[in-house]
There are 2 protein chains.
Amino acid sequence: MARRRVDVRREEILDAAVGEVTRRGFARTRVADVAETLGVSTALVFYHFDSKQRLLAAALDHAVGRDLDRLAAAISRPGTDLARLRRILSLYAPQGSAPGWTLWVDAWAEALRNPELRTHCRTLDRQWTDAIAATINSGVEAGMFVCPDPESTARRITSLMDGLSVQATVHRRLSRTQLRTWTREYAAAQLAVHPDALA
Amino acid sequence: MARRRVDVRREEILDAAVGEVTRRGFARTRVADVAETLGVSTALVFYHFDSKQRLLAAALDHAVGRDLDRLAAAISRPGTDLARLRRILSLYAPQGSAPGWTLWVDAWAEALRNPELRTHCRTLDRQWTDAIAATINSGVEAGMFVCPDPESTARRITSLMDGLSVQATVHRRLSRTQLRTWTREYAAAQLAVHPDALA
DNA sequence: GCGCCTACTGACTCGCGAGTCAGTATGCCG
DNA sequence: CGGCATACTGACTCGCGAGTCAGTAGGCGC
């Protein structure tokens, strides 16, 4: 087996772990699964991560990091606050791509009993709501939005999206298009802009 | 150990199973835990339920049934549709009591990979939204609410509550009072009534 | 080429938890 | 009372998956 530098291999393992956890869920992922997808021995995984616990925690951290990187990119791009908000909402909604909402739903359940994972989930949630709140705030100052309490509004918007995402991914009762439409409408109403402005 | 009739013992086991799953989560609940809380042998549990799979599925079904019974009671009580809606919303919001939202969050995660559990979760979701939709419909006919699409509105209301409940139970970032207030405000806005009417 | 650090493996151990089964005991019916 | 159906148990088996360890080999500095 081709030898790698430690940091490279760690990254590889984390990518694989995120994939397996997304596929199988936290509870059903065995470290052997992760090793197998990489074509390495399970012992190697334990060489890089002391225990399964730590591996999965690191994997979630990794996934969270990726997600937040994409968020940061969406924020930093130039444009009006309206355009920025549009980008953020569109990023948050369930997409065809990785890591996917199944991972977050699974992470919530795990976080109920695992304080370390809870921290990661909370960080993720905080950063998204903070990003939305900041954008709303800035938009209000620019006279673009009307919103008495941006912080609370941001939390309600993310909550609605979380709930709609459960409908879409768990119950399979909601199309992504519908989800996006409803989110847009709600956000628009809360900010006193026309829904089409967020399309 | 005191002998019971089959149906009595089954019920007892299901109650205990719901308790253990709520406490430990689906993945970490062992049949030995359930047996232990009842002070019986694990073999007895397997005498009544063929496998752990079936036990947990039956337990979820049991919990869902209980929840829907409480819903039915709230619906059938006399009063205006406004009062009925108020009761339904208040029942849906996280309460101090059993079975509790942790169970549902856990069930969602489990449902992602287990079609049988998914059916139960979906049923629960359907019944709640249907109950809300029916109440809205009836209220619209009575000229009490204004709502162009009661079915969709009901689904948005439950979604918001689901999302807020995640905030409250997983991230622990939201008080129940706040959750109730925001839900009430949203429902009121969607139905063109004053928020205090739902308090 | 010669070490030598370090990434990596095969082949284990070990405990845990699902599920089984040959029996035991309890209460009901005659 | 005796007999019988059935609720129930103790003491197993068995497989699986986490974690270990004594080694092996790849690549880099010299």
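It should be emphasised that the depicted structure is a prediction, and the values quoted were computed from it without experimental measurement. Each chain gets a letter, A, B and so on, in the order its sequence line appears, and its residues count up from 1.
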List, with names and distances, any nitrogen or oxygen atoms from the protein found under 3.5 Å away from nitrogen or oxygen atoms belonging to nucleotides 16-23 of chain C.
{"unit_1": "dG17(C)", "atom_1": "OP2", "unit_2": "Arg30(B)", "atom_2": "NH1", "d": "2.9"}
{"unit_1": "dA18(C)", "atom_1": "OP1", "unit_2": "Lys52(B)", "atom_2": "NZ", "d": "3.1"}
{"unit_1": "dA18(C)", "atom_1": "OP2", "unit_2": "Val31(B)", "atom_2": "N", "d": "3.4"}
{"unit_1": "dG19(C)", "atom_1": "OP2", "unit_2": "Lys52(B)", "atom_2": "N", "d": "2.8"}

Whole-Å distance, Ile13(A) CD1 to dC8(C) P, equals 8 Å
The complete set of side chain to side chain donor-acceptor pair (under 3.5 Å) pairs with one or both residues in residues 29-51 of chain A, sequence neighbours excluded, reads Arg24(A)-Asp33(A), Arg30(A)-Asp33(A)
Can you tell me if Arg9(A) touches the phosphate of dC8(C), counting only side-chain N or O atoms and a distance under 4.0 Å to OP1 or OP2? yes
The correct set of residues in residues 109-117 of chain B placing a heavy atom under 4.0 Å from DNA chain C is none
Here the side chain to side chain donor-acceptor pair (under 3.5 Å) pairs for residues 53-62 of chain B, sequence neighbours left out, are Asp15(B)-His62(B)
Taken in chain and number order and not counting sequence neighbours, the residues that satisfy salt bridge (Lys or Arg N to Asp or Glu O under 4.0 Å) with Glu116(B) are none
Rounded to whole Å, the CZ-P distance (Arg4(A) to dT9(C)) equals 10 Å
Sorted by chain and residue number, the ring-ring contact (aromatic ring centres under 6.0 Å, His included) partners of Phe46(B) (sequence neighbours excluded) come out as none
Quick one: side chains of residues 180-193 of chain B, donor-acceptor pairs under 3.5 Å with protein atoms, not counting sequence neighbours, listed by atom name and distance.
{"unit_1": "Thr181(B)", "atom_1": "OG1", "unit_2": "Thr177(B)", "atom_2": "O", "d": "2.8"}
{"unit_1": "Trp182(B)", "atom_1": "NE1", "unit_2": "Gln178(B)", "atom_2": "OE1", "d": "2.9"}
{"unit_1": "Thr183(B)", "atom_1": "OG1", "unit_2": "Leu179(B)", "atom_2": "O", "d": "2.7"}
{"unit_1": "Tyr186(B)", "atom_1": "OH", "unit_2": "Arg156(B)", "atom_2": "NE", "d": "3.2"}
{"unit_1": "Gln190(B)", "atom_1": "OE1", "unit_2": "Arg156(B)", "atom_2": "NH2", "d": "2.8"}

Across all chains, not counting sequence neighbours, the side chain to side chain donor-acceptor pair (under 3.5 Å) partners of Arg23(B) are Glu20(B)
From the list Leu85(B), Thr153(B), Asn137(B), side-chain contact (heavy atoms from CB on, under 4.5 Å) partner of Ile132(B) resolves to Leu85(B)
In short, ring pair (Phe, Tyr, Trp, His ring centres under 6.0 Å) pairs touching residues 65-90 of chain B with sequence neighbours left out are none
By side chain to side chain donor-acceptor pair (under 3.5 Å), Asp81(B) pairs with (sequence neighbours left out) Arg84(B), Ser138(B)
Applying side chain to side chain donor-acceptor pair (under 3.5 Å) to Asp149(A) and not counting sequence neighbours gives Ser152(A)
Here the distance between atom C1' of dG23(D) and atom CG of Leu44(A), to the nearest Å, is 15 Å
N/O-N/O pairs, protein side and nucleotides 4-6 of chain D side, under 3.5 Å:
{"unit_1": "dT6(D)", "atom_1": "O2", "unit_2": "Arg3(B)", "atom_2": "NH1", "d": "3.0"}
{"unit_1": "dT6(D)", "atom_1": "O2", "unit_2": "Arg3(B)", "atom_2": "NH2", "d": "2.4"}

